[in-house]
Every structure is written in structure tokens, then in C-alpha cells.
Amino acid sequence: MSNQVTAREAKTTPRWEAAADLVVIGSGVAGLTAALRGRALGLRVLVVTKAAIEDGNTRWAQGGVAVVLPGEHDDGDSVARHVQDTLTAGAGLCDEVAVQSVLDGGPGAVARLRELGASFDAGTSGGLARAREGGHTAFRVIHAGGDATGAEVERALVAETTGRRLPVLERHVAVDALRTPSGAVAGVSVLDPDGVLGVVRAPAVLVATGGLGQLYQATSNPEPATGDGLALALRAGAQAADMEFVQFHPTVLYTPGARGRCPLVTEAVRGEGARLLDGAGELVMLGVHPLGDLAPRDVVSAAITRRLAEAPGGIDDHVFLDATRITGFAKRFPTVYGAALAAGVDPLTEPIPVTPAAHFACGGVVTDTTGRTGVTGLYAAGEVARTGLHGANRLASNSLLEGLVMGERVAEAAAADLASGVLAEPRHGLAPECRHVEAAERDALQRAMSRYAAIGRDADGLAVLGSVLDLATSDSPLRTQAEVEDAALTLAAQALVISAARRTESRGCQVRLDFPERDEPGWRRSQLIRLSPSGQPVLADPILQEVVA
């Protein structure tokens with residue numbers, strides 16, 4: 001028995017230790033922007049990322065950055081108009097103050113990114129080229145490499161991070177926040193590539209870990225998008241909101257039996273004139289929305305799903321995007337062109353088979369417009385955060401903009417908090433002892449989530465999903481990256497299910513087949529999630545608690 005205890009303690013006792021002023025978890029646009037800004041402010045910054053530094057979700061972003069640049073915009077376009085488009089897409093749940101604040105910060109953030117060396121595509125008449133995407137009423141999306149904007153943004157940020165010799169722990173996964181007896185965050189526990197546990201002590205911890213697309217069988221997200229940062233923040237005492245709103249991109253490249261990350265077919269293809277056709281060759285979006293094929297993503301995804309239920313032409317799992325009339329398609333969209341050719345489709349001569357897939361989490365860890373959460377020393381930015389910008393559905397290409405703006409702001413907030421003395425002393429931080437949490441078998445979770453909690457949900461299906469999660473879940477330690485990821489996915493799924501089940505209406509990304517109408521004003525509010533003392537996600541909204549009681 002003593003030998004067993006000793007072995008167990010060896011696995012849960014930190015074997016190494018590091019220190020910083022600011023620990024950044026994640027190496028996408030928000031994380032690296034924050035790290036660089038923090039270094040410029042004189043902070044000791046350490047970046048922790050569970051893959052290679054360049055392997056985050058940012059590099060897969062095709063569309064661009066939605067921003068209204070001074071002197072480079074359509075006649076009549078303005079930040080105010082961009083704000084209105086964002087509010088419209090958000091279906092009544094955006095925080096108007098947050099929307100105005102983030103979009104106001106866009107031009108300056110883009111200018112600073114260009115100073116770091118990021119290069120955007122030039123227009124034919126001077127200035128930057130601009131595209132239009134779903135939900136936008138003007139051409140305001142700047143792009144790079146045609147449809148490789150995320151790759152260029154990530155390249156510039158990685159080059160600057162490397163050039164400034166910022167310390168980066170690659171292939172290290174964050175496990176839990178270190179907390180003081182008063183509940184403040186004072187660092188994070190980390191597993192190295194060999195599964196050896198260590199701690200990084202720091203008064204400020206930024207969670208910038210991206211989304212949770214791996215909840216589903218098919219997604220545009222890469223393998224690391226497993227919701228780790230959300231789970232870490234919830235276990236540290238933060239709250240989450242809007243978890244039921246997962247945006248499904250209407251057009252990812254369809255390949256039979258595809259699992260995991262599927263190639264994206266950027267919305268800008270429709271912005272250039274491509275049309276969605278069903279299996280019988282009929283227009284999918286005809287008469288559905290005034291913007292037609294450029295309607296907000298939730299509208300297009302839902303329309304495709306409804307059409308597939310009818311199985312026109314005997315096809316019930318994909319539709320087609322006809323881009324054959326776009327001049328210079330291969331040059332304008334080289335990433336899409338290459339992916340389609342690899343799948344045996346020539347977009348120049350035939351329609352591209354596409355289908356909706358999990359794309360973007362509109363909800364996440366609740367923060368203000370500086371990235372502060374409700375827990376001292378814990379910050380969040382990027383897709384993992386819920387600032388109020390997106391509401392019930394994200395406007396296309398607002399995500400890279402949010403990462404740039406909030407990355408800078410969160411570093412400035414951490415520096416200000418450190419200077420004012422409100423953060424905890426790192427040496428007082430303690431990791432949870434022998435942490436065991438619930439984790440479901442990943443394949444069973446993904447299949448159940450795709451079946452019952454994708455586009456089109458109802459009470460019966462969500463109840464079945466809840467039962468499946470209960471049956472597939474067991475107590476698990478957090479000793480490996482896979483165990484950390486599976487536990488995070490399980491927690492995210494549980495939070496999504498209770499939020500989706502309680503919201504008895506359809507709004508934005510939440511489509512309830514049994515409640516197809518939007519309930520105004522009854523449901524014009526967000527739902528808060530926190531963890532119970534036993535570690536279960538529960539609704540924290542006092543109004544909903546009264547309803548349940």
C-alpha cells in the first residue's frame with residue numbers, strides 16, 4: 001500500500017516550477033497579441049501552448065478581419081454601421097457597450113498589427129482590398145493571401161514573438177489554476193510533453209485557448225479546440241454565459257464520413273457571387289432572407305439543414321456551392337481551390353459539395369471589455385471569452401478583430417492590476433489536491449452532441465443527450481493531455497445542454513424545433529453558468545433559479 005501511495009503522490013506532486021508576471025495560455029491571435037503587449041509594458045511573460053506555437057485556430061481563419069478603416073471604406077459605411085450589423089447578427093443578446101468598444105478599437109489594433117509586418121491584400125484602386133461576408137451590409141472585410149488571412153496574422157505574431165525571444169512552453173497543457181485561500185488565481189499547473197506535472201507561479205493568468213469545436217464529429221476547428229480554458233476558468237470560480245450558442249459555419253467542404261477538422265469554404269466565396277444549390281439544383285436561399293446567400297450564418301445553416309431534411313434529389317447530407325462563374329477563383333481563393341482539388345472537385349467547372357459544421361463558440365468565460373473575469377488574477381480573451389460582442393450569433397470576421405483588440409487590452413489590464421497591488425502573491429497559490437473530474441468517452445460524446453445538440457434541437461433529444469453523457473461519464477484524473485481534454489469537453493457539453501434545454505425559444509445559433517419562434521422579451525437575456533461545489537455546471541441566473549424552484 002505504501003508503494004502505491006508513493007507512486008500516486010509522485011504523479012500529483014509538481015516536479016518543476018517557473019515564474020512570470022503574466023502567464024498566457026494559448027498561442028492564437030488573442031494570446032500572442034497579449035503576450036507581445038505585456039512584454040512591451042515591461043511584464044515577464046510566459047506563453048503556454050499545448051501544440052506548436054503556430055498550431056492554434058487562428059491560422060485556419062480564411063475570411064479576414066472585419067474593420068472600418070479611416071479613408072478606406074465604402075461610401076456610407078462607418079463603425080456605427082458595423083455596430084448595427086453586429087447587433088443584428090447577435091439577435092438581441094449583444095452587449096451594445098461591448099460591441100461599440102471593441103469595434104471602436106479595431107482600426108488602431110489593425111494598424112499596430114501591420115506595423116508588426118502583417119501584409120493584407122491590396123485593392124485594384126489603391127488601399128486594401130475589401131470583401132463582403134454574410135450579415136455585412138458593406139465591403140469591409142480585409143484579407144490576406146486571398147483566403148489565408150488567419151495564416152498571415154499568425155505568421156506575423158509568431159515571427160514577432162520569436163524575434164523578441166518571448167519564452168514559450170510548446171506542447172505543454174494547462175491543467176488547473178493555482179488559487180490562494182481567498183480564491184484569487186496565482187498561477188497554473190501544467191503537464192509537460194512527458195506528462196510531468198509542474199507549476200507556473202504568476203499573479204496574472206490569461207486564458208486564450210480558443211473554442212470547443214471538437215465537441216462535434218465535424219468541425220472547422222483543429223484538434224486542440226477542446227475547451228480546456230473554459231473548463232480551467234470554471235473550476236477556478238469564473239462564470240460562463242451564452243453556452244448554448246455554437247455557430248455552425250454553413251459551408252465546410254463535404255467529404256463522406258469526415259471526422260474532426262474539415263476544410264472551410266470561406267463565406268467570402270458567396271460574397272463574390274457563389275450560390276447555394278440543393279441536390280435537385282434549386283436555390284437554397286431563395287425567399288429565405290433579404291440578404292439571400294449572404295444572410296447571417298445561423299440563417300443559412302438552418303436553411304441548409306431544413307432543405308437536407310427534404311432530401312431533394314435523394315441527397316440528405318450536403319448541398320452544393322456553385323462558384324463556377326467567379327472570375328479568377330483559383331487566385332482569389334487558393335486555399336479553398338486546393339482543398340477542393342484534393343477532394344476530387346474542380347471548383348472552376350463544378351459546384352463544391354458543402355455542409356454545415358461546428359465553427360465558433362459565441363459564449364464562454366464572462367469578461368468585461370478589458371478581459372477581466374470575476375476572479376482576481378484570471379483573465380480571458382479570444383473565442384474562449386464572452387465579452388458580449390457576439391450575442392447569440394457571431395457576425396462573420398469579427399473574431400480576428402476581437403482577438404487583436406482584446407489581446408492588447410487584457411495585457412494592459414493585467415499590468416495595471418499588478419501595478420496597483422490588487423493581485424495575489426504567487427507563492428500563496430495552491431493547486432487542487434488529487435484532482436478527479438468527470439470525463440466522457442470522446443467518441444460517444446461527439447456522436448451524441450452531433451445527433452442531439454447541433455442545428456435543430458428539442459427537449460426530447462436534449463434529454464437523451466443528458467442521459468448519454470451521464471452513462472458515458474466516469475471519474476477521471478488529470479494526468480495526461482487526453483484526460484485534460486476529455487474532461488474539458490465533458491464539462492463544456494454539460495454546460496451547453498443545460499443552457500440549451502432551459503432556453504425554450506429559437507434565437508441566433510440556438511434552433512429549437514419544438515420552440516421555433518423567438519420569445520421577446522421573455523428570453524432576451526443571457527444565461528450564466530457556474531460550477532456547483534460538486535463540480536457540476538449549474539444555471540447561475542437568479543431568474544432561472546426562481547423558475548426552476
Side-chain angles (χ1 to χ4, degrees), residues 28-30 32-34 36-37 40 58-59 61-90 94 96-157 159-160 266-272 294 296 332-333 369 381-382 387 389-390 394-409 412:
V29 58
L32 293 186
T33 299
L36 290 168
R37 181 59 179 151
T58 293
R59 73 186 181 103
Q62 291 182 353
V65 182
V67 62
V68 180
L69 297 175
E72 294 189 56
H73 55 76
D74 285 3
D75 290 341
D77 197 16
S78 63
V79 173
R81 190 166 160 186
H82 189 181
V83 167
Q84 187 55 55
D85 288 349
T86 300
L87 296 176
T88 299
C94 294
E96 294 191 26
V97 173
V99 173
Q100 186 71 56
S101 175
V102 173
L103 299 190
D104 278 343
V110 169
R112 288 184 287 276
L113 177 65
R114 296 176 73 183
E115 290 173 359
L116 296 182
S119 178
F120 292 92
D121 295 338
T124 56
S125 57
L128 297 181
R130 299 189 304 276
R132 181 183 170 196
E133 297 183 7
H136 290 274
T137 59
F139 286 78
R140 64 168 73 101
V141 179
I142 62 174
H143 48 81
D147 58 1
T149 309
E152 172 60 13
V153 170
E154 186 76 357
R155 182 206 62 77
L157 292 172
E160 187 71 9
T266 173
E267 204 151 14
V269 175
R270 281 176 282 136
E272 297 290 338
L294 284 175
R332 173 65 179 87
F333 302 107
T369 54
T387 60
L389 172 64
H390 305 302
R394 176 179 70 103
L395 182 66
S397 289
N398 268 357
S399 55
L400 288 178
L401 182 75
E402 182 185 33
L404 292 169
V405 173
M406 293 304 300
E408 291 183 340
R409 289 184 181 175
E412 292 164 0

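- For residues 66-90, every residue pair satisfying the ring pair (Phe, Tyr, Trp, His ring centres under 6.0 Å) rule, not counting sequence neighbours, is listed here: H82-H136.
- Residue R409 holds its CZ atom at 6.5 Å from CE of M406, rounded to the nearest 0.5 Å.
- The minimum heavy-atom distance linking A66 with N398 is given by the pair CB-OD1, 3.6 Å.
- Taking R112 as the reference, E408 meet the salt bridge (charged side-chain N to carboxylate O under 4.0 Å, His left out) condition, with sequence neighbours excluded.
- Distance CD1/I142 to OG1/T149: 8.0 Å, rounded to 0.5 Å.
- Heavy-atom minimum distance, R332 versus A268: NH2-CB, 3.8 Å.
- Under a 4.0 Å N-O distance rule, the pair E412/R37 qualifies as a salt bridge.
- The side-chain heavy atoms of D74 and R130, taken from C-beta on, include a pair separated by under 4.5 Å.
- Here the closest heavy-atom approach between residue E72 and residue G127 is recorded as OE1-CA, 3.3 Å.
- The shortest distance between side-chain heavy atoms of V97 and T369 does not fall below 4.5 Å.
- Put simply, the side chain of L116 reaches to within 4.5 Å of the side chain of L36, judged on heavy atoms.
- Between L103 atom CG and L389 atom CG the span is 6.0 Å, to the nearest 0.5 Å.
- Nearest heavy-atom pair, T86 versus C94, reported as atom, atom and distance to 0.1 Å: O-SG, 3.6 Å.
- A distance of 4.5 Å separates OG1 in T33 from CG in L157, rounded to the nearest 0.5 Å.
- Considering all non-hydrogen atoms of both residues, P70 and P107 come closest at CD-CB, 4.0 Å.
- Put simply, CZ on R81 and OG1 on T137 are 3.5 Å apart, with the number rounded to the nearest 0.5 Å.
- In this structure, R140 CZ and L401 CG are separated by 11.0 Å, a value rounded to the nearest 0.5 Å.
- For D104, the salt bridge (charged side-chain N to carboxylate O under 4.0 Å, His left out) criterion is met by no residue, not counting sequence neighbours.
- Under the 3.5 Å distance criterion, the side-chain polar atoms of E133 are left unmatched by any main-chain donor or acceptor of G271.
- T58 contributes no side-chain N or O that, together with a main-chain N or O of E154, makes up a donor-acceptor pair within less than 3.5 Å.
- Between A131 and H143, the closest heavy-atom pair is CB-CD2, 4.0 Å.
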Assess whether side chain to side chain contact (heavy atoms under 4.5 Å, CB included) is satisfied between R394 and E402, documenting all intermediate values.
-> CA-CA 11 Å; R394 176 179 70 103; E402 182 185 33; over 6 Å; no
